[in-house]
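For this chain, numbers begin at 1 and follow the sequence in order. Keep in mind that this is a model prediction, so the values were computed, not measured.
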Amino acid sequence: MLRRATKIPSKDNSKINLKVLNGHFVTSNSHINYYMDMTTLKVRHKEAAEVAKTMAKEYQYSKPIDTIVCMDGCEIIGACLAEELTKNGIMSLNQHNSLYVITPEFDNNSQIIFRDNLQPMVRGKNILLLLASATTGRTIARSLECIRYYGGIIQGISAIFSAAKEIYGEPVHCIFSTEDIPDYQTFSPGECPHCKNNEKVDAIVNGFGYSEL
C-alpha cells in the first residue's frame, strides 16, 4: 500500500520527510482521509535524531524538562531528544543531571497508567509529552490527564504531526500540521462521507502503524 505514498518535506528541516497516503482510514477515535507513515522517522536512528533536533528547539532555552513521556513507539526519538536537551544545557530538577525517558501502559480498561517503579519519574517532575501523531487530540487529552493524576508538571507537548493546535490550554508543537496537508480531514464515524458512499476502508491506523483490510 505504501508504494503509493508521497513525501512531504519539513519546512524546518530538509532531512525530515513525512510519507502520506490519501484514502479511507479508521483510527480509534475517528475516520481520516490521510494516513501518515512515520515508521522510519521513529525507528531509523538518523531520521529520529533529526526529528529530535528539530523538536528540541522549542525547549532548549525556555522550559525545564526532567522526563520525556513517549507514546506511539517514539522511544528512539525520545532518547535522541533527551541527548539534544542535555547537550544544550536544559534545566532539570534531577540530581543526576540526566533526563528520564519513559513509556506508560494501558490497563485492561484501556486506562493509561504508570507502574510504581516509574511513578517517581513523573511525580513532581517537569514533563514533556512526545507523540507520533494527533488527529482529534483525544490521546493527548488522556495522556495529560494521566500525567497530572500522577503528579507530573506539563511543560510541553511535541508531535511529528498534529491536527490539534492546543489541548487543555497547552500548545501542541509539531513538525507537520494540517497546513502541510491542506485537504486533510477527520470525521466522526457517523459523519464519515466515505462510509456514507460505501467506500472500502483501506486500513485501521494508529500511532504505531497500520493494518490493511
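- A salt bridge (Lys or Arg N to Asp or Glu O under 4.0 Å) check over residues 147-175, counting only residues at least two apart or in different chains, returns the pairs R148-E170.
- Partners of I204 under the side chain to side chain contact (heavy atoms under 4.5 Å, CB included) rule, at least two apart in sequence or in another chain, are L213.
- Among residues two or more places apart in sequence or in another chain, the side chain to side chain donor-acceptor pair (under 3.5 Å) test is passed with R138 by none.
- With sequence neighbours left out, R142 forms a side chain to side chain donor-acceptor pair (under 3.5 Å) with no residue at all.
- Here F176 pairs with nothing under the ring-ring contact (aromatic ring centres under 6.0 Å, His included) rule; sequence neighbours left out.
- Every pair passing side-chain hydrogen bond (donor to acceptor under 3.5 Å, both in side chains) that includes a residue from residues 175-184 is listed here, sequence neighbours excluded: Y34-D183.
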Show me, pair by pair, the donor-acceptor contacts under 3.5 angstrom made by side chains of residues 17-24, not counting sequence neighbours?
{"unit_1": "N22", "atom_1": "ND2", "unit_2": "N33", "atom_2": "O", "d": "2.9"}
{"unit_1": "H24", "atom_1": "ND1", "unit_2": "E199", "atom_2": "O", "d": "3.2"}
{"unit_1": "H24", "atom_1": "ND1", "unit_2": "K200", "atom_2": "O", "d": "3.2"}
{"unit_1": "H24", "atom_1": "NE2", "unit_2": "H31", "atom_2": "ND1", "d": "3.3"}

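- Considering only residues two or more places apart in sequence or on other chains, E50 meets the side chain to side chain contact (heavy atoms under 4.5 Å, CB included) condition with N13, K15, I16, K53.
- Partners of Y168 according to the side chain to side chain donor-acceptor pair (under 3.5 Å) rule, which considers only residues two or more places apart in sequence or in another chain, are E145.
- Listed by chain and number, the residues in a side chain to side chain contact (heavy atoms under 4.5 Å, CB included) with R123 are Q119 (sequence neighbours excluded).
- Listed by first then second residue, pairs satisfying ring pair (Phe, Tyr, Trp, His ring centres under 6.0 Å) with a partner in residues 116-142 number zero, not counting sequence neighbours.
- Not counting sequence neighbours, the partners of T40 by the side chain to side chain donor-acceptor pair (under 3.5 Å) test are E47.
- Residues V43 and I68 fall into different hydrophobic clusters, defined by Ile, Leu, Val, Met, Phe, Trp and Tyr side chains chained together at heavy-atom separations under 4.5 Å.
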